[in-house]
Structures are given as C-alpha cells and as structure tokens.
Amino acid sequence: MIDREKVEAAVRLLLEGIGEDVNREGLVGTPDRIARMCEEIYGGTDEEVAVHLSKTFPATGNEIVLEKDIALYSMCEHHLLPFYGKAHVAYVPDGRVVGLSKLARTVEAYARRPQIQEQLTSQIADALMTHLNPRGSMVVIEAEHMCMTMRGIRKPGAKTMTYACRGMFRDDPALCERVFAMIRQG
C-alpha cells in the first residue's frame, strides 16, 4: 500500500535537496501529483497475480500459445527511472488455457513494481508455471532503460533482451527457436 503522506514528504525533501523552492508556483502541487503517480506506477506491489491466472478453460490442443508485443512500463529498482518495451509470453497448455488478456495483466502486475528486467522476465515465466500448470512457459522481454539513455553511459536506443524458459521450453531448444521465429513474424 502506497503511503501518500510519506511520498509527498519525500518529494518535498528531494526538491529541497536539489536546490528548488517547494513553494514555487510550478512545484506547489508536485508532491501530490507524484504521490498519485506512485499509486498508479507502483500499484503492482499490492496485486496478487494468481487472481489473473486462476480462471482457466479446457482446451483440446496443446500447441504453443503466444501473446506478443505486450507493451510494458516498469521502474528500475536501482535508479527509479523507467524502462519500457515489449513482452512476449508463450506457453504450451496441458489441457487448460487462460484468457489472453490475463497474460497481459500478469505482465502488468509484475511490471508495476520496482524491478530489474531479468527478475521481471523470470517472475512472469514462473507465475505461468505455478498457476497454469502448463507443459512449459517462455517469456521474452526487450526494453530500453532510461538509466542507460538519459544518464550514465547515455546510449539512447540500446535495448536489453532477456528470456526465461521453463518446462519443455528449457528442454527443447527447437521449441524455443519456434517461439523466436513466431515473435519475428509480422
């Protein structure tokens, strides 16, 4: 749960710390705006992912299910700067499937936490295995990190790719290659 009063106090201290006048007209409402923003972008810390993956439906086919190009926005836990990009989520069902929107909701629930991309990728793959019991799961994330583009090394456009394979995806490299090919398709 976000403590708005603490966030507002912290923002005031930050503004004072960088030499700003917190009573300046343009900054007066900033602590409140940042506190409300935090409720939105860090809302995943209170969200139970199992809720999204709990309702499944019977399926006769046990072929790859891939939802690709799921937009994601998260905050780097090291610098509290955004990283953003796309997630591609695949699984091979074992008799049951989940609604496609639930895959996107799972990505969003984990992304709305202070995070590193490597952990985010694994959390999504593990959640699928835990709550859907598929034969395998694979998650690929490609993202641009503002901590690399606007500070530090300053390399705009550099993207980080991570992937996590579980179950039959870990055991069968050809299956992983098939998912990569599906992702590349238009």
Side-chain angles (χ1 to χ4, degrees), residues 1-2 7 34 37-56 64-93 97-171 173 175-184:
M1 183 62 121
I2 303 292
V7 173
I34 298 294
M37 177 190 72
C38 285
E39 288 176 330
E40 184 177 339
I41 65 175
Y42 296 116
T45 55
D46 298 323
E47 196 169 344
E48 180 54 51
V49 174
V51 170
H52 302 304
L53 298 174
S54 62
K55 183 168 172 75
T56 61
I64 295 171
V65 175
L66 169 66
E67 186 167 346
K68 66 181 197 172
D69 297 331
I70 302 168
L72 74 86
Y73 302 90
S74 193
M75 296 294 273
C76 165
E77 67 184 25
H78 297 149
H79 301 99
L80 292 182
L81 287 172
F83 66 92
Y84 55 91
K86 297 176 186 176
H88 314 286
V89 178
Y91 71 101
V92 175
V97 295
V98 69
L100 296 176
S101 70
K102 304 309 183 191
L103 297 175
R105 289 185 190 282
T106 300
V107 169
E108 183 174 281
Y110 282 119
R112 291 176 53 206
R113 302 171 183 194
Q115 198 49 284
I116 61 172
Q117 182 175 332
E118 298 88 341
Q119 178 177 302
L120 175 61
T121 308
S122 292
Q123 286 173 330
I124 298 164
D126 291 340
L128 293 176
M129 295 303 289
T130 299
H131 301 293
L132 293 184
N133 298 311
R135 296 174 65 206
S137 69
M138 181 172 171
V139 176
V140 179
I141 295 179
E142 48 187 306
E144 185 167 340
H145 293 249
M146 295 304 290
C147 56
M148 274 191 53
T149 62
M150 70 180 287
R151 59 154 302 279
I153 191 77
R154 293 190 181 140
K155 296 295 177 200
K159 290 203 167 91
T160 300
M161 289 194 70
T162 52
Y163 74 99
C165 297
R166 305 291 186 263
M168 64 190 303
F169 286 101
R170 186 180 330 180
D171 302 333
L175 199 56
C176 288
E177 284 305 315
R178 188 179 316 160
V179 171
F180 283 125
M182 291 169 71
I183 291 170
R184 286 189 296 268

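Bear in mind the structure is a predicted one, so any value in this text is a computation, not a measurement.
- To the nearest 0.5 Å, atoms CG (Leu100) and CD (Glu67) are separated by 5.5 Å.
- Residues Val92 and Val65 have side chains not in contact (no heavy-atom distance under 4.5 Å, counting atoms from C-beta outward).
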Begin with the C-alpha distance, continue with both residues' side-chain angles, and end with the deciding distance and a verdict on side chain to side chain donor-acceptor pair (under 3.5 Å) for Glu47 and His52.
-> CA-CA 10 Å; Glu47 196 169 344; His52 302 304; 2.5 Å; yes
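- His88 has its side chain out of reach of Met182: every pair of non-hydrogen atoms, C-beta onward, lies at least 4.5 Å apart.
- Within the structure, every pair that satisfies the ring-ring contact (aromatic ring centres under 6.0 Å, His included) test and touches residues 103-152, not counting sequence neighbours, is listed here: Phe83-His145.
- A heavy-atom distance below 4.5 Å is found between the side chains of Leu132 and Tyr91.
- For the pair Leu128/Arg166, no side-chain contact is recorded, criterion being any heavy-atom separation below 4.5 Å from C-beta on.
- For the pair Ile70 and Lys86, the minimum side-chain heavy-atom distance is 4.5 Å or more.
- Gln115 and Gln123 are linked by a side-chain donor-acceptor pair at a separation below 3.5 angstrom, with hydrogens and angles left out of the test.
- With contacts defined as side-chain heavy-atom distances shorter than 4.5 Å, the pair Thr149/Lys155 does not qualify.
- Of all heavy-atom pairs spanning Ala127 and Leu53, the tightest one is O-CD1, 3.7 Å.
- The environment of Tyr73 atom OH is sparse: at most 12 non-hydrogen atoms of other residues, nucleotides or ligands sit within 6.0 angstrom.
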Would you check, one step at a time, whether the test side chain to side chain donor-acceptor pair (under 3.5 Å) holds for Thr162 with Gln117?
-> CA-CA 7 Å; Thr162 52; Gln117 182 175 332; 3.1 Å; yes
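- Within the 4.5 Å cutoff, the side chain of Ile34 has heavy atoms near those of the Val7 side chain.
- Not one N or O on the side chain of Arg112 forms a donor-acceptor pair closer than 3.5 Å with the backbone of Glu108.
- Interatomic distance, Ile2 CD1 to Met37 CE, rounded to the nearest 0.5 Å: 10.0 Å.
- One distance of note links CE of Met146 with CE of Met75; it measures 10.5 Å at 0.5 Å rounding.
- Here the shortest heavy-atom pairing between Ala111 and Ser74 reads O-OG, 2.6 Å.
- Within the model, atoms CZ of Phe169 and OG of Ser137 stand 7.5 Å from one another, a figure rounded to the nearest 0.5 Å.
- Put simply, CD1 on Ile141 and CD1 on Ile124 are 4.0 Å apart, with the number rounded to the nearest 0.5 Å.
- Looking at Met161 and Val140, their side chains come closer than 4.5 Å, going by heavy atoms from C-beta outward.
- Taking both residues in full, the closest heavy atoms of Glu77 and Ile116 are given as CG-CG2, 3.7 Å, listed atom of the first, atom of the second, then distance.
- Between the side chain of Thr45 and the main chain of Tyr42, a donor-acceptor pair closer than 3.5 Å is present.
- In this structure, Cys147 and Leu81 approach most closely via the heavy-atom pair CA-CD1, 3.8 Å.
- Rounding to the nearest 0.5 Å places CG of Leu175 at 9.0 Å from CZ of Arg135.
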Given the rule in the side chain to side chain contact (heavy atoms under 4.5 Å, CB included) test, do Ile64 and Arg178 qualify, once you have shown the distances and angles that lead to the verdict?
-> CA-CA 9 Å; Ile64 295 171; Arg178 188 179 316 160; 3.8 Å; yes
